[in-house]
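Reviewing the structure listed below.
Only this structure's heavy atoms are used, side chains among them; waters, hydrogens and symmetry mates stay out.
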Amino acid sequence: MSTVADYEHPVPLFDQTNWFLRAEHSFRSSFTSAVTPGSTELEGFNVVNFRAGLRARRYEVTAFVENAFDALYATGTTGTGPDSGLDVGPTRRFGLIATVAF
């Protein structure tokens, strides 16, 4: 299940420019890694992302944090049986994205 909330508002000093906020929440309930003997029951998890920035007609600058609360979670397994491992989701990431449309 995923939920997204967006808010955008004009910047009075700049023509056709808006600032924006975005929050994203993803939830995955517990699940079994495979339908085979030796399958692994994996715990459910929540992941929250945030974005904020400025958007103009040709330009956009966005700051983001993904996995904001640094949740440790498994998205699956690399195999079955005693040699299996966990596919772990990414840890918290920060970044800045700037785009220009031509």
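Arg28 forms no cation-pi arrangement with Phe45, by the criterion of a distance under 6.0 Å to the ring centre and an angle within 45° of the ring axis.
Using modelled atom types and a 3.5 Å distance limit, the side chains of Glu66 and Asn49 yield no donor-acceptor pair. Looking only at atom types and distance, the side chain of Glu24 has no donor-acceptor partner in the side chain of Ser26 under 3.5 Å away. Side-chain contact check for Asn18 and His9: no donor-acceptor pair (N or O, by modelled atom type) lies under 3.5 Å.
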Worked verdict on Arg93 versus Val65 for side-chain contact (heavy atoms from CB on, under 4.5 Å):
CA-CA 6 Å; Arg93 296 186 325 163; Val65 58; over 6 Å; no

Start with the C-alpha gap between Tyr73 and Val88, add the side-chain angles, then the distance that decides, and say whether side-chain contact (heavy atoms from CB on, under 4.5 Å) holds.
CA-CA 6 Å; Tyr73 60 96; Val88 178; over 6 Å; no

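Arg92 places a side-chain N or O within 3.5 Å of a backbone atom of Ala68 that can act as its donor or acceptor partner. Between the Arg58 side chain and the Val100 main chain, no donor and acceptor come within less than 3.5 Å of each other. Looking only at distances, a side-chain donor or acceptor of Asn67 sits under 3.5 Å from a matching main-chain atom of Pro90. Put simply, the side chain of Thr17 never gets that close to the backbone of Val11: no donor and acceptor are under 3.5 Å apart.
Heavy atoms only, all atoms of each residue included: Phe20 and Leu54 are closest at CE2-N, 3.7 Å. Nearest heavy-atom pair, Phe64 versus Leu96, reported as atom, atom and distance to 0.1 Å: CE2-N, 3.8 Å. Of all heavy-atom pairs between Pro12 and Pro10, the closest is CD-O, 3.5 Å.
How far CD of Glu8 is from CH2 of Trp19: 9.5 Å, rounded to the nearest 0.5 Å. Taken to the nearest 0.5 Å, the CZ atom of Phe94 stands 11.0 Å off from the CZ atom of Phe50. Summarising the geometry, atom OG1 belonging to Thr99 is positioned 5.0 Å from atom CD belonging to Glu60; distances are rounded to the nearest 0.5 Å. How far CG of Asp87 is from OG1 of Thr75: 4.5 Å, rounded to the nearest 0.5 Å. Here the CZ atom belonging to Arg22 is positioned 4.5 Å from the CG atom belonging to Asp6, to the nearest 0.5 angstrom.
Criterion: ILVMFWY side-chain heavy atoms under 4.5 Å apart, direct or through other members. Under it, Val47 and Leu72 are part of a common hydrophobic cluster.
Between Arg51 and Leu21, the closest side-chain pair of non-hydrogen atoms is not below 4.5 Å.
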